[in-house]
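As a basis for the values below, the full set of heavy atoms in this structure was taken, side chains included, without hydrogen atoms, waters or symmetry mates. Naming: A, B, ... by sequence-line order, numbering from 1 per chain.
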Protein chains: 4
Amino acid sequence: MLDVASGDTIETWSVDAGGVDASGKRRSPGGNPLTGPFFVDGAWPGDTLVVKLNRVRLTRDTAVSGDQIVPSALGPRYYRDLKFDEKFSSEWTLDRAAGVARLTKPSEHLKNYTVPLKPMLGCIAVAPPQEMSFRSGYLGAWGGNMDFSQLGEGATVYLPVMHPGALLFLGDGHAAQGDGELTGDALETSMEFSVTVELVKNKTVPQPRAENAQFRMASGIANGLQEALQQATTNLSRWLTDDYKLTPNEVAIVLGTAIQYQIAEVVDPLVHVVAKIDKKALAGLQQ
Amino acid sequence: MLDVASGDTIETWSVDAGGVDASGKRRSPGGNPLTGPFFVDGAWPGDTLVVKLNRVRLTRDTAVSGDQIVPSALGPRYYRDLKFDEKFSSEWTLDRAAGVARLTKPSEHLKNYTVPLKPMLGCIAVAPPQEMSFRSGYLGAWGGNMDFSQLGEGATVYLPVMHPGALLFLGDGHAAQGDGELTGDALETSMEFSVTVELVKNKTVPQPRAENAQFRMASGIANGLQEALQQATTNLSRWLTDDYKLTPNEVAIVLGTAIQYQIAEVVDPLVHVVAKIDKKALAGLQQ
Amino acid sequence: MLDVASGDTIETWSVDAGGVDASGKRRSPGGNPLTGPFFVDGAWPGDTLVVKLNRVRLTRDTAVSGDQIVPSALGPRYYRDLKFDEKFSSEWTLDRAAGVARLTKPSEHLKNYTVPLKPMLGCIAVAPPQEMSFRSGYLGAWGGNMDFSQLGEGATVYLPVMHPGALLFLGDGHAAQGDGELTGDALETSMEFSVTVELVKNKTVPQPRAENAQFRMASGIANGLQEALQQATTNLSRWLTDDYKLTPNEVAIVLGTAIQYQIAEVVDPLVHVVAKIDKKALAGLQQ
Amino acid sequence: MLDVASGDTIETWSVDAGGVDASGKRRSPGGNPLTGPFFVDGAWPGDTLVVKLNRVRLTRDTAVSGDQIVPSALGPRYYRDLKFDEKFSSEWTLDRAAGVARLTKPSEHLKNYTVPLKPMLGCIAVAPPQEMSFRSGYLGAWGGNMDFSQLGEGATVYLPVMHPGALLFLGDGHAAQGDGELTGDALETSMEFSVTVELVKNKTVPQPRAENAQFRMASGIANGLQEALQQATTNLSRWLTDDYKLTPNEVAIVLGTAIQYQIAEVVDPLVHVVAKIDKKALAGLQQ
């Protein structure tokens, strides 16, 4: 466990979801091994941990993804009739100079298919409540395997501290990911990153929040999409209510005209919907 | 009923959801009154009706919206404690010159709040299957009250023909709408529009599809968000499979890296999720 | 349309879901053809129509059922691997003397498999609201294709009147049905029945209700199981609140200890959950 | 940790959900404290642990329950308007001689309200997979806080062993419980019980199963009711397929005519639906 103070910047790296580092060496068993925990001095239940993702970068030229859509994202009759090629190669070459990923051994139709690189961290977590311990594939109000494509360089994440020291974990780097992480594994690869941690004392968040230059983003992590949407909307409503002193009708006017939802992932033990609002919309609000 | 031929352009207009026209005159009872039906010569069950939205424009300077978030989009305990002002004014002034909407009698916090105008048609429908007849608030594979913010000028919509002549209806203009249409009514207003209708003979679509300059968009209209997501993903998978001859693994690679979901609406009798893909991603596919 | 008065008893019969009558003659196209409508003199929107099922009896010795479980009731990976025999015979012989059904041409494992006969009506409906018209496979607050196994002889059904005359329809007889109607078609057969209609003036029900000698039963018909359970619980709560003047805490005590849910069907356009309470539990309540 | 062998009978007792024992003494903090773990010699991942509930009895004359229905079981608008009495007393007197529970300080309407005593164990669990650790309010394929009213005296439970020794836990006694455990807490009380443990080597179950004199019962524990129903149906299908060598069509015939669902609970971190079949129906199957 590493000890850090509020305001400290952590420069570190993560292996890929299979436990392999930048040099291709296996450093741990697979299953989303994470970097951490970092004990944040002074963090106490009831505080908010602020994690600024200053730099999130690729450290190698290879990644591997899934190549079948999970059944929960397809109609059951359609899924029933799909014939998968179990030998399909889903290894990727990450061309950092060109800023794109390509299949290493592409099939005919995908020879020229490229994916813009957009490195992100699938997992950012504090220790979960009580004495519980989850596989790093889990997620919850404490963050975890959120698999949200906006959590890359330039984003700031807010997590509710649930134990002394918060116990920050990070990892599960993706070179790129579509909404929902439909293939179960995105472009899984190793990463290096710099994060600055800060504390907001005596103020908590009901579920994770994040922001970047363009958006405020409020997570709803729940058992199903409807409940996740409810929690995301509620989380964003509370945020605007707190910061701008809006009434329920005013929140309704703002969200009714400006909310955007992003379905972050539908493949983990819980699903994740994010309610976003453009900061340009917020610029017109009187505090 | 108006008779049109494939290739014809229809220049027409719609009242707002309350039945009021551009001049402020009530022309019909409220509840999403639509313009149509248009009988398309030669349209037959099993064909696809193509509706090109050449022009979708506002015809007046006023709109009215809801001002409470529907309970299905909020956590029940949070909703329970909200105190709504039943006299809140949600009348809007549409400033077409500046391209924004403003509350006509804004509350203090919203005095400078503006919403970019982005006119769209909430309802585009063919007649539903069999001898069924639904309120125009309904939606289904036949389109209807889809409330999808991308169905504005420049979009092309594909609907499955279910009756001879297709029987096209259009209306429910929104000057702007956030994802989900959370307040039940978006910025409801009258509209004028020009649409060109075409037929694709002997080829149908499982649910509505649309495209614009940037995206291909496949609808999933279903009882709940999970099933709507499944149907949207399936609809887009089928579309790419048909047009690019992709295998199931190739579709998984493309959607796993490039799919975007938009939650069109969560307030109507069925919910609507759209699976989108940027045409730039498709440009790399070999047909 | 037949005209009846409150208090009248209707003696009539229904064809099976395929349109075939007691003598084996096809009388109408398939798809749940119904008997009716019966115009109930004096019925007006806001009233409740009471339908007492005095007698519900089989009229022939044959039925036919589905023989595949619908995919929505099975895990998608399990469903994917099932190999169905498309030539399996699911014709049934109804042995009214012995009170059981047997497969007419049973497979080896099912040679001695019997199902107790328990005739019921799958569809009991008033006309739906507004000018809407649904296939008789639909259901809603107005009843319809409820597929609830308790709606047989001895049950009384309460439906909200939505049009002058109520417009009662009945049919879709099942000789027996498991919970959920998992095979889409239960033991579909023709039926004869006697029902007495009555009106409760100026009092409506939010969704269908029923009772028999043992239970009060409150329907929740909705888009998904969670919402159906919510509506069923709410419907039963309202019923007990009205009849016994219970407070919310008292309702919670009663339902928390005595509620029973039955999943009536999961195969129709909406799903149906019933909240039941034994009349023995109600006997202890002070009105 | 107590060491037991296959075939051993464990005679033990449990505190109530609040940690209070038969004599009224607090023995542990609240939150479903459990009795165990019991290390079963020879139990190994891939085996099935059989837990026979020989005796499940009350040990005192008091219980306490919740007195508000959880919001997830009610329509949001109905829930919004309920006025709860926060001082309502939901203490119960357990009259073991008469076999009923009564409120200790009943409100007027509930003075004569009684609930038949039917003692059950809310929690029966083996250790969850991997190195995970959950609060005892959780549940999963490993059992846990299943809150299923049929798990009382005379029932046999089957759980998949996930760790050497299985690590059996039991507790969370309820004197009685309605479907769904709608008030969050059923009639929580202390219990004494005798269970016999056995092993089925090299054979696992996908989710918990149980049986008693009348029923075979297959659990579906999942994020939502639809998925729980799917898993319960699949679990029961697999059981019948294994034991009776039925084909998918034969399973469909049997479940389509004889399945019964019970909604065990809707208030815990996951929901629990049970698919049941009467042993009388199974008696007609040829193995």
Side-chain angles (χ1 to χ4, degrees), chain A residues 65-69 72-75 78 82-85 88 90 103 107-115 176-183 186-187 224-226 229-231 233-234 237-238 244-263 266 284-286, chain B residues 65-69 72-75 78 82-85 88 90 103 107-115 176-183 186-187 224-226 229-231 233-234 237-238 244-263 266 284-286:
Chain A
S65 76
D67 58 14
Q68 299 186 6
I69 295 177
S72 61
L74 292 171
Y78 182 71
L82 293 179
K83 309 287 177 227
F84 290 112
D85 174 2
F88 189 90
S90 54
L103 283 175
S107 59
E108 190 61 23
H109 295 110
L110 301 184
K111 263 201 288 196
N112 299 319
Y113 183 69
T114 58
V115 179
Q177 184 204 298
D179 279 2
E181 204 191 15
L182 292 190
T183 52
L187 271 64
L225 287 171
Q226 184 71 33
L229 178 139
Q230 290 173 346
Q231 295 194 12
T233 313
T234 300
S237 295
R238 287 186 189 279
Y244 296 94
K245 314 301 170 206
L246 302 183
T247 68
N249 297 80
E250 290 173 333
V251 168
I253 290 292
V254 172
L255 297 191
T257 50
I259 204 169
Q260 297 176 40
Y261 290 107
Q262 185 170 346
I263 297 178
V266 294
L285 299 179
Q286 303 290 100
Chain B
S65 75
D67 58 14
Q68 299 186 8
I69 295 178
S72 62
L74 292 172
Y78 181 72
L82 293 179
K83 309 287 177 227
F84 291 111
D85 174 2
F88 190 90
S90 54
L103 284 175
S107 58
E108 188 61 24
H109 295 110
L110 302 184
K111 262 201 290 194
N112 298 319
Y113 183 69
T114 59
V115 179
Q177 185 203 296
D179 279 1
E181 204 191 15
L182 292 190
T183 51
L187 271 62
L225 287 171
Q226 184 71 34
L229 177 139
Q230 290 174 347
Q231 295 194 14
T233 314
T234 300
S237 294
R238 287 186 189 279
Y244 296 94
K245 314 302 170 206
L246 302 185
T247 67
N249 297 80
E250 290 172 333
V251 168
I253 291 291
V254 172
L255 297 190
T257 50
I259 205 169
Q260 297 176 40
Y261 290 107
Q262 184 170 347
I263 296 177
V266 294
L285 299 179
Q286 302 292 100

Novice: Looking at every heavy atom in both E250(A) and E108(B), which two are closest together, and how far apart are they?
Specialist: OE2-N, 4.3 Å
Novice: What verdict does the side chain to side chain contact (heavy atoms under 4.5 Å, CB included) test give for T247(B) and D85(A), after you've listed the backbone C-alpha separation in whole Å, the side-chain angles of each residue and the deciding distance to 0.1 Å?
Specialist: CA-CA 9 Å; T247(B) 67; D85(A) 174 2; over 6 Å; no
Novice: Which atoms of V266(A) are under 4.5 Å from chain B, going by heavy atoms: the side chain, the backbone, both sets, or neither?
Specialist: side chain
Novice: Can you say whether Y113(B) sits under 4.5 Å from chain A via the side chain, the backbone, both, or neither, judging by heavy atoms?
Specialist: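 Both parts, heavy atoms under 4.5 Å.
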Novice: Between Q260(B) and D179(A), what is the shortest heavy-atom contact and its length?
Specialist: CA-OD2, 3.2 Å
Novice: For A176(A), which atoms come within 4.5 Å of any heavy atom of chain B: side chain, backbone, both, or neither?
Specialist: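 No part of A176(A) comes within 4.5 Å of chain B.
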Novice: Given the options V254(A), L103(A), V115(A), which has more heavy-atom pairs under 4.5 Å with chain B than any of the others?
Specialist: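 Top count of heavy-atom pairs under 4.5 Å with chain B: V254(A).
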Novice: In terms of heavy-atom pairs under 4.5 Å, which option from V251(A), L255(A), L225(A) contacts chain B the most?
Specialist: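 Of the candidates given, the most pairs with chain B belong to L225(A).
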Novice: Select, from A73(B), S72(B), G256(B), S65(B), the one with the greatest count of heavy-atom pairs under 4.5 Å involving chain A.
Specialist: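 Option with the greatest count: A73(B).
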Novice: Side chain to side chain contact (heavy atoms under 4.5 Å, CB included) for Q68(B) and N249(A)? Distances and angles first, verdict last.
Specialist: CA-CA 6 Å; Q68(B) 299 186 8; N249(A) 297 80; 4.3 Å; yes
Novice: Considering only heavy atoms and a distance below 4.5 Å, find which of I259(A), L285(A), I69(A) pairs most often with chain B.
Specialist: I259(A)
Novice: To the nearest 0.5 Å, what is the distance between CG (D67(A)) and CD1 (I253(B))?
Specialist: 5.5 Å
Novice: Please identify each residue that fulfils side chain to side chain donor-acceptor pair (under 3.5 Å) with S237(A), with sequence neighbours left out.
Specialist: none
Novice: Pick one of side chain, backbone, both or neither for E181(B), based on which atoms fall under 4.5 Å of a heavy atom in chain A.
Specialist: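 Contact with chain A is absent: no heavy atom of E181(B) under 4.5 Å.
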Novice: Who are the side chain to side chain donor-acceptor pair (under 3.5 Å) partners of N112(B), not counting sequence neighbours?
Specialist: Q286(A)
Novice: Check each atom of T114(B) against the heavy atoms of chain A and say whether the ones under 4.5 Å are side chain, backbone, both or neither.
Specialist: neither
Novice: In terms of heavy-atom proximity below 4.5 Å to chain B, should Y244(A) be classed as side chain, backbone, both, or neither?
Specialist: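 Only the backbone of Y244(A) comes within 4.5 Å of chain B.
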Novice: Most heavy-atom pairs under 4.5 angstrom with chain A, which of T257(B), T233(B), L246(B)?
Specialist: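 Of T257(B), T233(B), L246(B), T257(B) has the most heavy-atom pairs under 4.5 Å with chain A.
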Novice: Heavy-atom distance under 4.5 Å to chain B: side chain of K245(A), backbone, both or neither?
Specialist: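 Both backbone and side chain of K245(A) come within 4.5 Å of chain B.
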Novice: Flag the one option from I263(A), T183(A), L187(A) with the top tally of heavy-atom pairs under 4.5 Å to chain B.
Specialist: I263(A)
Novice: Answer with side chain, backbone, both or neither: which region of A186(A) has an atom nearer than 4.5 Å to a non-hydrogen atom of chain B?
Specialist: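 Looking at A186(A), nothing touches chain B.
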